[in-house]
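These notes concern the structure reproduced below.
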Amino acid sequence: MRDAAGRVKGGLPGGAGLVVLLWAAQVHPSARLDALFATAAHLSGLLAGYGILAMLFLMARVPAVEHGVGADRLARWHALGGRHVLLLCFAHGLLALLGYAAYRGIDVLSAAGGLLGYPALAAACAGTVLLAAVGVTSARARYAAGSRTRPGAGHT
């Protein structure tokens, strides 16, 4: 059981490291403020996308993984990783907004209004809100079920 858990637990950050390496291979360094924000937004978006896939994998009930690692441990990892994915999603949106504001030379509120005019960004904001709602309700359900520890606490 430890061997499978070690492979899964090591493979998840390894995949994130691969995402960072692929990002680093194509990034164009710049000292401009808008480019720095945009670069950080791209990286956080890529990591959030990878994190979503990793969270789906953890809860996919793949028999070999579930029997080798254990459903309870996979659920704990999912709860812990879900927080990080939500933070990466919020960071992506905020950094993209700040980069757009710096690029256009406008304040953040005007930039937010301008960005929402793009066709897919309203849908992306709605998706982020729904993802956050799922995270909040699942965390509240865990606390309501009588868990004495915070989600993700305990042995991993």
Side-chain angles (χ1 to χ4, degrees), residues 1-29 35-101 108 111-112 115-116 118-156:
M1 186 171 192
R2 281 210 184 274
D3 188 36
R7 282 189 299 227
V8 172
K9 196 170 184 179
L12 293 173
L18 183 61
V19 168
V20 172
L21 284 175
L22 290 171
W23 167 82
Q26 60 82 37
V27 72
H28 301 290
L36 291 174
F37 280 130
T39 301
H42 290 158
L43 180 59
S44 61
L46 287 169
L47 288 172
Y50 170 76
I52 293 285
L53 291 175
M55 295 303 99
L56 288 172
F57 169 73
L58 289 175
M59 298 311 292
R61 305 209 54 181
V62 176
V65 176
E66 190 169 353
H67 292 294
V69 177
D72 57 336
R73 185 178 289 176
L74 290 172
R76 282 194 308 269
W77 292 350
H78 176 83
L80 179 62
R83 287 187 208 90
H84 293 95
V85 169
L86 277 175
L87 288 175
L88 284 167
C89 287
F90 290 135
H92 170 70
L94 179 64
L95 291 166
L97 174 64
L98 293 174
Y100 183 76
V108 175
L115 278 177
L116 287 176
Y118 285 90
L121 284 187
C125 289
T128 302
V129 167
L130 289 173
L131 186 63
V134 167
V136 167
T137 56
S138 66
R140 294 184 100 201
R142 181 174 172 126
Y143 283 125
S147 174
R148 292 188 180 152
T149 61
R150 66 184 199 290
H155 302 327
T156 54

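Just so you know, these numbers come straight off a predicted model, no measurement behind them. Residue indices begin at 1 and follow the sequence shown. Excluded from the calculations below are hydrogen atoms, water molecules and symmetry mates; all remaining heavy atoms, backbone and side chain alike, are included.
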How long is the gap from OG1 on T128 to NE2 on H92, to the nearest 0.5 Å?
8.0 Å
Side-chain (Y50) to main-chain (L12) donor-acceptor, under 3.5 angstrom:
yes
L97 versus F37: any side-chain heavy-atom pair under 4.5 Å?
no
Residues W23 and H42: closest non-hydrogen pair is NE1-CB, 4.2 Å
Within a strict 4.5 Å, meaning less than it, do heavy atoms of the L131 and I52 side chains meet?
yes
With the side chain counted from C-beta on, respond yes when L98 and L94 share a heavy-atom pair under 4.5 Å apart, and no when they do not.
yes
side-chain contact (heavy atoms from CB on, under 4.5 Å) between L58 and V8, worked out:
CA-CA 9 Å; L58 289 175; V8 172; 4.3 Å; yes
How many angstroms lie between atom CZ of R61 and atom NE2 of H67, to the nearest 0.5 angstrom?
8.5 Å
Reported CE-to-NE2 distance for the pair M59 and H78, which is rounded to 0.5 angstrom:
5.5 Å
Do you know the tightest heavy-atom contact between S44 and A91?
OG-C, 3.9 Å
In this structure, CG of L88 is separated from CG of L46 (nearest 0.5 Å) by 10.5 Å
Nearest-0.5 Å distance, CZ of residue F57 to CH2 of residue W77
9.5 Å
